[in-house]
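These notes concern the structure reproduced below.
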There are 2 protein chains.
Amino acid sequence: MTQTKATSVTPTRADDYAGWYQAVVRAADLAEPAPVRGCMTIKPWGYGIWERIQAILDRRFKETGHRNCYFPLFIPLQYLQAEAEHVEGFAAEVAMVTHHRLANVGGRLQVDAPLEEPLVVRPTSETIVGEAFSRWIQSHRDLPVLINQWANVVRWEKRPRIFLRTSEFLWQEGHTAHATEAEAVEETGRMLGIYREVAEDALALPVIAGRKTRREKFPGAVTTLCIEAMMQDGRALQSGTSHFLGQNFARAAGIRFTDADGAIRLPHTTSWGASTRLIGALIMTHGDDDGLRLPPAVAPDQVAILPVLRGTPEDAAVLARCDEIAGRLRRESWRGEAVRVTIDRRPGSGSAKRWDWVRKGVPVIVELGARDLAGGKVIAWRRDRLRDGKAEAGLDEFVAALPGRLSEIQAALAAEARGWRDTRLRDAATLDEARALLGDGGAEGYRSGAGFVRLPWSGSEAEEAALAETGVTIRCLVPAEGPAPCAVTGVATTDRAILARAY
Amino acid sequence: MTQTKATSVTPTRADDYAGWYQAVVRAADLAEPAPVRGCMTIKPWGYGIWERIQAILDRRFKETGHRNCYFPLFIPLQYLQAEAEHVEGFAAEVAMVTHHRLANVGGRLQVDAPLEEPLVVRPTSETIVGEAFSRWIQSHRDLPVLINQWANVVRWEKRPRIFLRTSEFLWQEGHTAHATEAEAVEETGRMLGIYREVAEDALALPVIAGRKTRREKFPGAVTTLCIEAMMQDGRALQSGTSHFLGQNFARAAGIRFTDADGAIRLPHTTSWGASTRLIGALIMTHGDDDGLRLPPAVAPDQVAILPVLRGTPEDAAVLARCDEIAGRLRRESWRGEAVRVTIDRRPGSGSAKRWDWVRKGVPVIVELGARDLAGGKVIAWRRDRLRDGKAEAGLDEFVAALPGRLSEIQAALAAEARGWRDTRLRDAATLDEARALLGDGGAEGYRSGAGFVRLPWSGSEAEEAALAETGVTIRCLVPAEGPAPCAVTGVATTDRAILARAY
């Protein structure tokens, strides 16, 4: 596949990594900024990726006993206020509904009918779920309660970036209540484990699983677990979080149950979420200077068949053959599901149409013209190896090999991402060493990023805050095999802080 | 199955139809009113029904070439204003976001940071989709655009009723743009056809498909098509609408395309929607005095297996056998999907547990105790024929017969609903006759409702408004075989108005 400057993405990763990201979002036709600042419109190819992520996560949630619900978009202010740390964490970014009507005043529409109490557009739903749990849960026999919802949430962002940080985004939020602390802690870990597996196995994102420091945890949580992925500029992207909430929200919402011994107790609750931000992680992990590259597990279509149409009578035969090939491929299965195939029936041939699909990151592209038809051959490209991945094959051979090829692509993208991450995950013993590895942030960009530094840590919140002033944060704490002296206190610790600049 | 007053729903349909509806929502654990007036929380069993409806509709939308997107929740006021009839239709019920922060003022949280321009929480998305289409569509080659979104919408309701009319509800809204009027009109009909088929085939709701009068159409549409279902009190429930929007929204949003002949034209657009209201239709069509009855196609679980657990060592063997039966049933398929089975593992036995599932409307209930285990038998009830549907069968026989039994239940519920509807769909020739059949609304309630009256109609909007003052509205117009004199004007017409009281 010959590449011309006109068809690849501008700017390149090396030229301007942030600009490249925005360009890929456009070039792959994933999403666009909405007219309301900070919001986005997710277009069909982007939404198709989200539908795949939803399906995979939803299956895992149901297999682990969770059921879906839907809680209201609007939260009474008093609920948000009930947990002090929680409301403090979200007050600066909540959209408020204050009126429920428009009135025509002298030909101009104005807000009318003020609400008695303004309503919060949910930034997350712990407080309103807590209110429901306080009615649903009476006895230890009602526990555990294991639910999830797929919903939109709103957090007014000062510096929005599409998929990564938008004022409205789509996510799932799980909420559970348990009779004992041990069960809730176990659930918190189980759900982080699911995020980790789905990130690594389906999204081909190598992640580091750990726990947040007190400074970085969810407002109101006792402990926040997270997975952190490394983008191609070395920065971290938090890609899923699971919170052990202790009895904080149970206390705030008045959730109580009668235990087997007759005692009245507060349950322990958890919450956990992953969002459309994962699409940003896919772009920044697997994208290249030709656009997006999608792991087959989350690609809306895994194969794009491109008929070469010349406006001649032969076109009908070419299209018929494409339908036949698509039908045969759809009868193949990969990872327990039918292979997903699309035919691009738009008029035209050659490179313009092909580059559209390259930019979208479809894992396999098949081109079929009248000549190939006569020769019984198909020409196919692997998106992960665009320069050397072109192959000509007989049809039967191509169809039979396709599921294996999808596995190869999935594995190749994962290995490439892991290789990059591993070269940029480095150990330091002191803060000076860490600073030297992480640099001053001035040389950021594609493959010039400093990556992650692993550092023995038992520092205080103040020491962490001082670090944050240099633009570096503790993404999470992970356990190490043996103790080492903390980089700031010198006290022996088995905790290692993962330091990075972050999105 | 012996029935005691304590276990059936109170009040009965005959005693208080509206009260019965609320009682079934509670008894089947479908949903509950939210703390914010007019909003609801959809609980797992209710949401499970919605997931089934979503899956069935989504498959049909994709088969007909539509792809899912996501548009922002917030709409700038100016967009809503661009289509005059549209904004007039929604101004009285829009929730408005005016601030994006909370501030602590003397220990009390208050709204802070006013927006320059207040934002409308979407009541529907024609205007914001139109803005996107104006950028997406340049050439006739970009058409048709066929998209759909699954979303929450907000319409501030004065008289909320759970599922039927809530301030926030879940729905799908399709939006399409076409080069020609004929194509858009065809699309409008195609999507109504899908609603009709899904209502009849999956939800077992007999519906009348027709078009709305000018008075009842969607604000801004040229034509609104609809399906109308009859509840057991004879009232109509609008269950899906499909709008031909002509060039109204294209003009308002400035959508233009260069046609094949080089001319600049406005496309013709459509929109179509169905919502969580369909769950209300299911309740009021199929529910009985014992609770909900669910058509197997939309039941979250089609079979509930209830082990009789006595806290003895035999329980383990009973549970193991239940797992085995569930496994065998899940390997059976019905309508192309694995049979959906749940096991109720809660301690206890007998009627309390069984009545829980009766009220939830699960199509088939299986009870299994140690004695049945020894005898190699299962005892099963059909929810559609609770009083005479109890059967004892050998396990192999029961498993093999299950898919056929689900078909029977699906058909029986549809036939029962159709039978009731048909007896209450009556013809009148004059307004006096119609009024006599429809009564004064005083004797409403279960099976005392007047139902639908079909009346020759070519009346004006004023004549329709006069009719509406009596509490009766024209649900839709349907074509008749031959002409008859209009009941108000005497002019020959092939239009028949379907008159009813409506939800």
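Proteins come first, then strands; the chains are lettered A, B, ... in the order of their sequence lines, and each starts at number 1.
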Seminar exercise, completed: Applying a strict 4.5 Å limit to non-hydrogen atoms, the region of Glu93(A) in contact with chain B is backbone
Problem set entry | Region of Ile147(B) in contact with chain A, defined by heavy-atom distances below 4.5 Å | side chain
For this session: Would you mind checking which part of Pro72(A) comes under 4.5 Å of any heavy atom in chain B, side chain (CB onward), backbone (N, CA, C, O), both or neither?
Result: both
Exercise. Which residues in residues 100-108 of chain B have a heavy atom less than 4.5 Å from any heavy atom of chain A?
Worked result: His100(B), Arg101(B), Leu102(B)
Exercise. Using non-hydrogen atoms only, which part of Leu73(B) is less than 4.5 Å away from chain A: side chain, backbone, both, or neither?
Worked result: both
Problem set entry | Sequence neighbours excluded - side-chain hydrogen bond (donor to acceptor under 3.5 Å, both in side chains) pairs with any residue from residues 33-50 of chain B | Asp29(B)-Lys43(B)
Problem set entry | Interface moiety of Leu77(A) toward chain B, non-hydrogen atoms closer than 4.5 Å | side chain
Exercise. Taking it one step at a time, do Val94(B) and Met96(B) satisfy side chain to side chain contact (heavy atoms under 4.5 Å, CB included)?
Worked result: CA-CA 6 Å; Val94(B) 285; Met96(B) 300 297 302; 3.9 Å; yes
Exercise. Is it the backbone or the side chain of Gln149(A) that comes under 4.5 Å from a heavy atom of chain B, or both, or neither?
Worked result: neither
Exercise. Quick one: what part of Glu32(A) sits under 4.5 Å from any heavy atom of chain B, side chain, backbone, both or neither?
Worked result: side chain
Problem set entry | Region of Gln110(B) in contact with chain A, defined by heavy-atom distances below 4.5 Å | neither
Problem set entry | Residues of residues 80-90 of chain A near chain B, each having a heavy atom less than 4.5 Å away | Leu80(A), Gln81(A), Val87(A)
Exercise. For chain B, which residues from residues 133-142 of chain A have at least one heavy atom closer than 4.5 Å to it?
Worked result: Arg135(A), Trp136(A)
